[in-house]
There are 2 protein chains.
Amino acid sequence: MRYFVAVGHKAVTTGDFKLDDISGGAGRLDILVRCVNSSFFLSHSIRKDTQLYLVLQGGSDAPKTVRFSGEEVRYLNPDERSTSSLIRNALMKKLPAEGEVRSSPGVYVSKMSFSDVISSLSEKGRIVYLKEDGKDIKEYSTPEDPVFVISDNVDLTNEEEDILLQYAPDTVSLGPNSLHADHCIILVHNEMDRTSP
Amino acid sequence: MRYFVAVGHKAVTTGDFKLDDISGGAGRLDILVRCVNSSFFLSHSIRKDTQLYLVLQGGSDAPKTVRFSGEEVRYLNPDERSTSSLIRNALMKKLPAEGEVRSSPGVYVSKMSFSDVISSLSEKGRIVYLKEDGKDIKEYSTPEDPVFVISDNVDLTNEEEDILLQYAPDTVSLGPNSLHADHCIILVHNEMDRTSP
């Protein structure tokens, strides 16, 4: 399995945002929505071997985590608007203090924080922190079931980095330029398609 | 300069589509809009060394070509809706039979067909056809001023391929999977960032 964790520092956690305003009022939810596209879409199919955790940290009901499972997901289209709608439906669900609720096939929502997500995934595979000053992915031997962690348009906070460091992550970079989160996911997938198909 | 040509076989050529419906009523314009994002966005800047030609072949006023120039472009944001709006504004311009009209800074529109675009760009650099059965880009030495040609969700037609073949293009692939057009652009840029910065 390939796991991705994308952190949206100001991304809304309530379902009352407008689909026309995902870059503004929804706290740059557009960045996370594009991560859904790049995590799952092949030309004529969905990557079933991938799971994406969107950690939403903005708004009045933070934190929440929306998880997409490639194996089960349905009603997923590549455009931003329809994916935003799937996320909005998830954020409208009433949640228990612990555990996930399924909002649509392959889309789950919970009150998990960044720390909860990383702790849980650290039991499934090695944590890989995508960061500009990391080791070039071309010289990196990707472990089985890697958990790639990536931030939105701002870096992880010191507190978030401290959480990651507890799990002694590998730190990996994707080339000479600093790139958008969704673009990084494309490059990671391609590298793994070539080396660990 | 890095040139990209993306063909939208059913993409609308009139500005009367709804921004809420770019995947449906606008003839999969969403695919081309995502190509704009992946052609130009770095984390905190725009790729000035890139030009993108969107060849629109659907609707009542086909063909039209919308050209984005990274060196000049302004008002460009990464989300699909705002880029669709820039394209819609371009499609509302009254056009002469020949030549481009500027619709906003760095965005130009013309009545150029696919054949016109390829003929014109073939004078600027080598044509590189991105196709699944091509030579792996890792073993390909990218020429100066390459012109990468890519199709939307359907392959180039036989007629379009015949046009390309007149210019003896290199045929290049990007890995073991068939990918969305915008994802291909990300991979091409990364390869060139590493080899021809």
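When reading the values below, keep in mind they use all heavy atoms of this one structure, side chains included, and skip hydrogens, waters and symmetry mates. Note on naming: letters A, B, ... go to the chains in the order of the sequence lines (proteins, then strands), and numbering restarts at 1 for each one.
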Engineer: Got a donor-acceptor contact below 3.5 angstrom from the D152(B) side chain to the A181(B) backbone?
Structural biologist: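 Not at all, since once roles are kept as given, no pair shorter than 3.5 Å links the two residues.
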Engineer: Taking the six-membered ring of Y108(A), is the NZ or CZ of R102(A) close enough (under 6.0 Å from the centre) and on axis enough (within 45°)?
Structural biologist: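 Not flagged: R102(A) not positioned over aromatic ring of Y108(A).
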Engineer: Which region of S23(A), side chain (C-beta onward) or backbone (N, CA, C, O), has a non-hydrogen atom less than 4.5 Å from a non-hydrogen atom of chain B, or is it both or neither?
Structural biologist: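 For S23(A), the side chain is the part near chain B, not the backbone.
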Engineer: Judged by atom type as modelled, is there a donor-acceptor pair below 3.5 Å linking the side chain of R81(A) to the main-chain atoms of D21(B)?
Structural biologist: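 No: the side chain of R81(A) does not pair with the backbone of D21(B).
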Engineer: Between S82(B), P78(B), G175(B), S38(B), which has the largest tally of heavy atom pairs under 4.5 Å with chain A?
Structural biologist: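 Max contact count across the listed options: P78(B).
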Engineer: Looking at H180(A), K138(A), H189(A), which one has more heavy-atom pairs under 4.5 Å with chain B than the rest?
Structural biologist: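 Most pairs with chain B among the choices: H180(A).
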Engineer: Count the heavy atoms of every other residue, nucleotide or ligand shown that sit under 6.0 Å from CD of E139(B), and state whether that count exceeds 12.
Structural biologist: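 For E139(B), atom CD is crowded (more than 12 foreign heavy atoms under 6.0 Å).
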Engineer: Who among L19(B), D20(B), L187(B) has the most heavy-atom pairs with chain A under 4.5 Å?
Structural biologist: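 It is D20(B).
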Engineer: More than 12 foreign heavy atoms under 6.0 Å from CD of Q166(B): is that the case here?
Structural biologist: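 Buried by this count: over 12 neighbours within 6.0 Å.
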Engineer: Return yes if some donor-acceptor pair links the side-chain N/O of Q57(A) with the main-chain N/O of K10(A) below 3.5 Å, else return no.
Structural biologist: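 Absent.
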Engineer: Indicate if F41(A) and I150(B) have the same hydrophobic cluster label, given that clusters are the connected sets of ILVMFWY residues with side-chain heavy-atom separations under 4.5 angstrom.
Structural biologist: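 Yes; I150(B) is reachable from F41(A) via cluster members.
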Engineer: Name the region of P176(A), side chain, backbone, both or neither, that has any atom closer than 4.5 Å to a heavy atom of chain B.
Structural biologist: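 The side chain, not the backbone.
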Engineer: At a heavy-atom separation under 4.5 Å, does D193(B) approach chain A through its side chain, its backbone, both, or neither?
Structural biologist: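 Both parts, backbone and side chain.
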Engineer: Heavy-atom cut-off 4.5 Å, strictly under: side chain, backbone, both or neither for N153(A) against chain B?
Structural biologist: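 The answer is the backbone of N153(A).
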Engineer: Could you tell me which of I185(B), N37(B), V33(B) has the largest number of non-hydrogen atom pairs under 4.5 Å with chain A?
Structural biologist: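 Highest number of heavy-atom pairs under 4.5 Å: N37(B).
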Engineer: At a heavy-atom separation under 4.5 Å, does D30(A) approach chain B through its side chain, its backbone, both, or neither?
Structural biologist: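 For D30(A), the side chain is the part near chain B, not the backbone.
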